[in-house]
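Each chain gets a letter, A, B and so on, in the order its sequence line appears, and its residues count up from 1. This structure is a prediction, so every number in the text was calculated from the model and none was measured.
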There are 2 protein chains.
Amino acid sequence: MSNKTKASITDMLRASNLSITDTRVKILELFIDSNGALEHSSFEKLAGHSFDRVTVYRTLQTFLDKGIIHSIPTTDTSIRYALCKSDCSEHDHHDHHIHFKCEECGNTICLDETTVPEIQLPKGYAAHNIDVVVSGVCKECK
Amino acid sequence: MSNKTKASITDMLRASNLSITDTRVKILELFIDSNGALEHSSFEKLAGHSFDRVTVYRTLQTFLDKGIIHSIPTTDTSIRYALCKSDCSEHDHHDHHIHFKCEECGNTICLDETTVPEIQLPKGYAAHNIDVVVSGVCKECK
DNA sequence: TATGTTTATGCAGCAGTGTTGCGTAAATAA
DNA sequence: TTATTTACGCAACACTGCTGCATAAACATA
Ligand SMILES: [Zn+2]
Ligand SMILES: [Zn+2]
Ligand SMILES: [Zn+2]
Ligand SMILES: [Zn+2]
């Protein structure tokens with residue numbers, strides 16, 4: 001982790017009116033380093049048990065609220081999170097990209113270059129949010 | 001539950017080479033009656049604690065394996081299941097419809113009349129399955 | 001830099017969820 | 001009806017997510 005990245009992490013936190021704490025910086029570092037979606041249990045493993053489970057929960061919830069990360073739906077019981085790259089803010093997420101889950105390596109990634117297609121809903125349904133999760137084989141594993 | 005439906009339930013089970021047991025019949029009845037997606041905890045409530053939690057888990061897993069039900073991704077930790085209406089079979093699910101989760105009533109339903117759109121993936125990615133979950137307000141709640 | 005106030009963290013404890021092993025009961029085959 | 005196969009129920013366990021509260025850390029102010 002370069003000093004440059006560390007500086008941008010503190011900037012991110014300040015921009016969301018969050019105080020700079022070791023846990024928050026570390027979790028953001030993990031997001032940046034991982035370059036993909038992380039599930040909850042990953043943080044404890046990756047961070048080497050250096051902070052409490054409860055703190056991780058609260059930190060992720062805070063990041064979600066502030067529009068720093070977004071959650072990705074899964075068909076298992078874990079929730080995955082990834083950094084918001086567009087300019088999301090508090091109560092105003094607008095990540096409109098597709099998520100890809102590789103069946104080989106298990107990684108889930110944000111396909112930032114994609115956009116979710118227009119969905120034609122039956123009459124009477126109003127859409128607020130659309131989640132598209134594609135599973136298959138990623139370009140590393142093919 | 002009419003006798004006619006009961007007969008078709010036993011047919012469903014026989015078609016998948018599953019023995020006819022009270023639990024399996026009851027769970028299929030609940031699916032048919034609910035007309036939507038059920039999450040795990042629903043079964044225990046709806047069935048009035050008439051069978052064990054473990055049995056429910058195993059039954060749902062069996063139904064998933066046999067292509068009788070499909071799972072629907074969520075951003076919470078619950079998994080929702082719904083009956084497959086197309087002719088899915090063991091190891092060969094091909095439900096290509098959109099799922100809708102209502103933010104008002106909380107219900108999740110299969111929009112059987114819809115089809116998932118073509119998704120343009122970046123080079124190197126191979127898609128096996130596409131899940132589209134739209135959240136918003138359903139036609140009952142608007 | 002030192003001090004007071006606000007905020008985040010860690011811990012203990014709890015409820016809910018999902019899994020495994022094993023003996024018993026039920027369903028199917030004969 | 002009996003034998004064999006399969007499913008069920010129970011006990012026990014691990015994991016997950018949450019809450020309250022005391023303490024520690026971060027921030028604002030002087
Ligand atoms: Zn992969
Ligand atoms: Zn994403
Ligand atoms: Zn509704
Ligand atoms: Zn469906």
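- The distance from atom CZ of B:F43 to atom C1' of C:dG18 is 15 Å, rounded to the nearest whole Å.
- Contacts of A:T77 with the nucleic acid, taken as non-hydrogen atoms under 4.0 Å apart, involve only primed sugar atoms and P, OP1 or OP2.
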Collect all protein-nucleotide pairs involving nucleotides 24-29 of chain C in which both atoms are nitrogen or oxygen and the distance is under 3.5 Å.
residue, atom, partner, partner atom, Å
C:dT28, OP1, B:I20, N, 2.7

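- Across the helix from C:dT1-D:dA30 to C:dA30-D:dT1, the helix axis at one end is tilted relative to the axis at the other end by 40° (nearest 10 degrees, each axis from five pairs).
- Each of A:V132, A:V137, A:V134, A:T108 was compared with A:F100 under the side chain to side chain contact (heavy atoms under 4.5 Å, CB included) criterion, and only A:V134 meets it.
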Cut-off 3.5 Å, no hydrogens considered: what does the side-chain donor-acceptor table look like for residues 109-125 of chain B, sequence neighbours left out?
residue, atom, partner, partner atom, Å
B:D112, OD2, B:K85, NZ, 2.9
B:T114, OG1, B:I98, N, 3.0
B:T114, OG1, B:L111, O, 2.6

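- Separation of atoms CD1 (A:I68) and OG1 (A:T62) is listed at 8.5 Å; rounding is to 0.5 Å.
- Under the rule for a side chain to side chain contact (heavy atoms under 4.5 Å, CB included), the partners of A:T21 that lie at least two apart in sequence or sit in another chain are A:S19, A:T23, A:R24.
- With sequence neighbours excluded, no residue satisfies salt bridge (charged side-chain N to carboxylate O under 4.0 Å, His left out) with B:E104.
- For A:I79, the side chain to side chain contact (heavy atoms under 4.5 Å, CB included) partners at least two apart in sequence or on another chain are A:S71, A:Y81, B:T77.
- By the salt bridge (charged side-chain N to carboxylate O under 4.0 Å, His left out) test, A:E39 pairs with A:R80, sequence neighbours left out.
- Remark: C1' of C:dA8 and CG of A:L60 are 15 Å apart, rounded to the nearest angstrom.
- Every side chain to side chain contact (heavy atoms under 4.5 Å, CB included) that A:R53 has, sequence neighbours left out, goes to A:E44, A:Y57.
- The minimum heavy-atom distance linking A:C102 with A:C138 is given by the pair SG-N, 3.5 Å.
- Hydrophobic cluster of B:V133: the remaining members, joined at side-chain heavy-atom separations below 4.5 Å, are B:I72, listed by chain and number.
- The residue from A:F51, A:F63, A:F31 that alone fulfils the ring-ring contact (aromatic ring centres under 6.0 Å, His included) condition with A:F43 is A:F31.
- Nucleic acid contact for B:R53: base, since at least one base atom lies under 4.0 Å from a heavy atom of the residue.
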Enumerate all atom pairs, one protein N or O and one N or O from nucleotides 10-12 of chain C, separated by less than 3.5 Å.
residue, atom, partner, partner atom, Å
C:dG10, OP2, A:D52, N, 3.4
C:dG10, OP2, A:T55, OG1, 2.7
C:dG10, N7, A:R58, NH2, 3.3
C:dG10, O6, A:R58, NH2, 2.6

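- For residues 131-142 of chain B, the set of pairs meeting the salt bridge (charged side-chain N to carboxylate O under 4.0 Å, His left out) definition, not counting sequence neighbours, is empty.
- Note that the first and last nucleotides of DNA chain D, 5' to 3', having any atom under 4.0 angstrom from a heavy atom of chain A are D:dT16 to D:dC27.
- Residue B:D22 places its CG atom among 12 or fewer non-hydrogen atoms of other residues, nucleotides or ligands, all under 6.0 Å distant.
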